Novice: 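The following block contains the structure, expressed as C-alpha cells.
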Amino acid sequence: MTHFPKSHICIAGITRPEHWKQIVSHIPEKPNQIVIIESMVCHETLLGKASEYPKRFVSLSELRTLLGRHPNVLNLVRYSTSERSSVDLQLCRIIELCGPGIDGFQLELAWPDIEQLRRFLAMFPKKLVLKIGRQAYEDVGRSKIRLSSRLLRYHGLIQDIQLNLTEGSEDQFDPDQTLDLLKTLHVLPFGVGISGRLSDSTDSRDLERVLRLYPGVNISALRDLRSEADDFLPEKAGHFLDRLFRIIPEE
C-alpha cells in the first residue's frame with residue numbers, strides 16, 4: 001500500500017457548461033469519490049489571442065459561466081504559458097476571470113519559479129498540480145532520484161504531480177514505464193496522477209495493474225476524449241468515467 005489518498009479521476013478540455021453537467025451526471029453517489037474537471041487556458045488566450053488548438057481552450061468571456069458546483073467535483077484550470085517571468089500574476093488574472101468557481105490549477109510548464117508560486121498562494125490558497133512532462137523529465141537527466149529531489153523543493157506549494165511522458169507524441173500509455181516511476185514517486189508527500197493517451201479504449205488490464213499496486217493514483221484523460229476535429233466528446237468522457245469507477249479499488 002502507499003501514502004496516496006483515494007484516486008481522483010480528471011476529465012480535461014471541457015469548453016461548454018453542458019459538458020460540465022454531462023460529466024457530473026456520471027458521478028456515483030459516493031462521498032469520497034472526487035472528479036476533477038479541467039478547462040484549459042493558455043497565455044495566448046489570456047491575452048485574447050487565438051491558440052494553436054482553438055477548440056480546446058475556453059474564451060475568457062465564457063470562463064466564469066463554465067464551472068458549476070458539486071460536492072464531488074474540483075474545478076481546475078489547466079494553464080500553459082511561455083511567459084515565465086510573471087506566472088503568479090497570470091494565475092491571479094485567471095482567478096479574477098473565473099470567480100469563486102475555480103478550485104485551483106494544473107500547471108503545464110516545466111519547473112515554474114518557486115517564489116512566484118509562493119506569492120500566488122499567499123494571495124489565493126488554491127490547489128496546485130504540477131505536470132511532469134517530457135521536458136521536465138529531460139531537465140533532470142531522466143533520473144528518478146534527481147526528479148524526486150527537485151520535486152521536494154515544491155513541498156508545501158503543490159499538492160499533486162501529474163505524469164505525462166507521452167505528450168506531443170503518438171505513443172500509447174506505457175504501464176511498465178509508469179510503474180517504474182511510481183515505485184520512486186509514491187513515497188513523496190504528493191498525490192500522483194498519470195495521463196497520456198488514456199481513453200475509454202485503453203486496456204483496462206493495464207489500468208487495473210497500476211491501481212492494484214498503487215490504489216490511490218489519479219487518472220487523467222484529455223486527448224483521446226476528443227473527435228478527429230478536436231471537439232470534446234461528452235459521451236466518450238462518460239464511458240471513460242463509468243469504466244474507471246468500476247475498476248478503482250474500494251476503500
Side-chain angles (χ1 to χ4, degrees), residues 8 10 12-13 36-53 56-61 63-64 66-67 74-165 167-168 181 185 188-196 218 220 222:
H8 296 169
C10 174
I36 295 173
I37 302 178
E38 291 186 344
S39 50
M40 296 177 66
V41 178
C42 65
H43 190 235
E44 288 77 14
T45 57
L46 189 59
L47 296 175
K49 301 177 182 178
S51 74
E52 184 180 359
Y53 298 100
R56 296 188 188 188
F57 291 90
V58 187
S59 69
L60 299 184
S61 61
L63 199 52
R64 184 179 288 264
L66 195 64
L67 309 175
L74 288 175
N75 293 310
L76 301 189
V77 168
R78 184 177 288 203
Y79 187 61
S80 56
T81 180
S82 58
E83 179 47 69
R84 300 177 65 94
S85 64
S86 60
V87 172
D88 53 338
L89 300 179
Q90 295 167 50
L91 298 182
C92 289
R93 175 60 178 150
I94 296 170
I95 293 280
E96 293 172 0
L97 293 166
C98 288
I102 182 173
D103 297 302
F105 293 89
Q106 178 169 313
L107 301 175
E108 297 278 294
L109 60 157
W111 310 117
D113 182 82
I114 287 174
E115 288 308 312
Q116 290 183 35
L117 297 188
R118 189 170 283 123
R119 288 197 299 268
F120 167 72
L121 290 170
M123 293 182 285
F124 298 103
K126 300 288 185 178
K127 179 181 179 71
L128 292 183
V129 179
L130 180 61
K131 185 186 78 171
I132 301 301
R134 298 171 106 177
Q135 183 60 56
Y137 200 29
E138 292 291 341
D139 286 350
V140 295
R142 300 184 67 83
S143 162
K144 290 178 286 185
I145 300 303
R146 289 175 62 189
L147 177 63
S148 298
S149 177
R150 190 151 184 182
L151 281 168
L152 285 172
R153 301 179 196 175
Y154 291 83
H155 183 40
L157 300 173
I158 65 169
Q159 287 76 51
D160 293 352
I161 310 157
Q162 188 69 37
L163 296 174
N164 184 358
L165 301 184
E167 58 178 344
L181 279 168
L185 298 178
L188 300 182
F190 309 109
V192 180
I194 60 174
S195 57
N218 301 326
S220 178
L222 162 67

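One is the number of the first residue; the rest follow in order along the sequence. Quantities reported herein were computed from a predicted structural model and do not represent experimental measurements.
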Novice: Identify the heavy atoms of Ile132 and Leu165 that sit nearest to each other, and give their distance.
Specialist: O-CD2, 3.8 Å
Novice: Can Ile94 and Tyr79 be said to form a side chain to side chain contact (heavy atoms under 4.5 Å, CB included), step by step?
Specialist: CA-CA 9 Å; Ile94 296 170; Tyr79 187 61; 3.5 Å; yes
Novice: Which heavy-atom pair separates Ala12 from Leu222 by the least distance, and what is that distance?
Specialist: O-CD1, 3.4 Å
Novice: Under 6.0 Å between ring centres, would you say that holds for Tyr154 and Phe190?
Specialist: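 No - the distance between ring centres of Tyr154 and Phe190 does not fall below the 6.0 Å cut-off.
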Novice: Would you name the heavy atoms of Leu76 and Asp103 that are closest together and state the gap between them?
Specialist: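 Answer, listing the atom of Leu76 first, then Asp103: CD2-C, 4.0 Å.
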Novice: Can you check whether Leu89's main-chain N or O pairs, donor with acceptor, with Ser86's side chain at less than 3.5 Å?
Specialist: no
Novice: Just by modelled atom types, is the Glu96 backbone N or O under 3.5 Å from a matching donor or acceptor in the Arg64 side chain?
Specialist: yes
Novice: Which one of Ile158, Leu157, Asp88 satisfies the side chain to side chain contact (heavy atoms under 4.5 Å, CB included) criterion with Leu121?
Specialist: Leu157
Novice: Judged by atom type as modelled, is there a donor-acceptor pair below 3.5 Å linking the side chain of Glu38 to the main-chain atoms of Met40?
Specialist: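 It does not hold such a pair.
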Novice: When Leu147 is tested against each of Leu181, Leu188, Leu152 for side chain to side chain contact (heavy atoms under 4.5 Å, CB included), which residue passes?
Specialist: Leu181
Novice: Are Ile95 and Lys126 close enough that some pair of their side-chain heavy atoms sits under 4.5 Å apart?
Specialist: yes
Novice: Determine yes or no for a side-chain-to-main-chain donor-acceptor pair under 3.5 angstrom, with Thr45 supplying the side chain and Ala50 the backbone.
Specialist: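 Judged by distance alone, no pair lies under 3.5 Å.
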Novice: Would you find a donor on one side and an acceptor on the other, under 3.5 Å apart, between the side chain of Ser148 and the backbone of Lys144?
Specialist: yes
Novice: Nearest 0.5 Å please: distance from the CZ atom of Phe124 over to the SG atom of Cys92.
Specialist: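 One finds 5.0 Å between CZ of Phe124 and SG of Cys92.
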Novice: Would you compute the distance between atom OG of Ser143 and atom CZ of Arg150 and round it to the nearest 0.5 angstrom?
Specialist: 12.0 Å
Novice: Search all heavy atoms of Ser51 against all heavy atoms of Cys42 and return the closest pair with its distance.
Specialist: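 Answer, listing the atom of Ser51 first, then Cys42: CB-SG, 3.8 Å.
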Novice: Quick check for you: to the nearest 0.5 Å, what is the distance between Arg153 atom CZ and Trp111 atom CH2?
Specialist: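 Between Arg153 CZ and Trp111 CH2, I get 8.0 Å after rounding to 0.5 Å.
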Novice: When you compare the side chain of Leu163 with that of Tyr137, does any pair of heavy atoms fall below 4.5 Å?
Specialist: no
Novice: Under a 3.5 Å distance rule, please check whether Gln90 uses its side chain to pair with a backbone N or O of Glu83 as donor and acceptor.
Specialist: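 Between the backbone of Glu83 and the side chain of Gln90 there is a qualifying donor-acceptor contact (under 3.5 Å).
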Novice: Quickly, which of Gln106, Lys127, Lys131 forms a side-chain hydrogen bond (donor to acceptor under 3.5 Å, both in side chains) with Asp160? Name it, please.
Specialist: Lys127
Novice: For Arg84 and Ala110, work out which heavy atoms get closest and say how close.
Specialist: NH2-O, 2.6 Å
Novice: I'd like to know if the side chain of Asn75 and the backbone of Gly101 have a donor-acceptor N/O pair within less than 3.5 Å.
Specialist: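 At least one qualifying donor-acceptor pair exists.
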Novice: What distance do Asn164 atom CG and Ile194 atom CD1 have between them, rounded to the nearest 0.5 Å?
Specialist: 10.5 Å
Novice: Apply side chain to side chain contact (heavy atoms under 4.5 Å, CB included) to the pair Val77 and Val58, showing each step before the final yes or no.
Specialist: CA-CA 10 Å; Val77 168; Val58 187; over 6 Å; no
Novice: Can you tell me which residue among Glu108, Glu44, His43 is in a side chain to side chain contact (heavy atoms under 4.5 Å, CB included) with Thr81?
Specialist: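 The single option meeting the side chain to side chain contact (heavy atoms under 4.5 Å, CB included) with Thr81 is His43.
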Novice: Check whether any side-chain heavy atom of Asn218 lies under 4.5 Å from a side-chain heavy atom of Ile36, and answer yes or no.
Specialist: no
Novice: At their closest point, which heavy atom of Gln162 faces which heavy atom of Ser220, and how far apart are they?
Specialist: NE2-CB, 3.3 Å
Novice: Just how far is it from atom CZ of Arg119 to atom CD1 of Ile114, taken to the nearest 0.5 Å?
Specialist: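 Between Arg119 CZ and Ile114 CD1, I get 12.0 Å after rounding to 0.5 Å.
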Novice: Give the C-alpha distance, both sets of side-chain angles, the deciding distance and a yes or no for side chain to side chain contact (heavy atoms under 4.5 Å, CB included) between Leu97 and Val41.
Specialist: CA-CA 11 Å; Leu97 293 166; Val41 178; over 6 Å; no
Novice: I need the Leu74 CG to Ile102 CD1 distance, nearest 0.5 Å.
Specialist: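 So the gap between those two atoms works out to 11.0 Å.
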Novice: Should Leu46 and Phe57 be marked as a side chain to side chain contact (heavy atoms under 4.5 Å, CB included) after you check the CA-CA gap, both sets of side-chain angles, and the distance that decides it?
Specialist: CA-CA 10 Å; Leu46 189 59; Phe57 291 90; over 6 Å; no
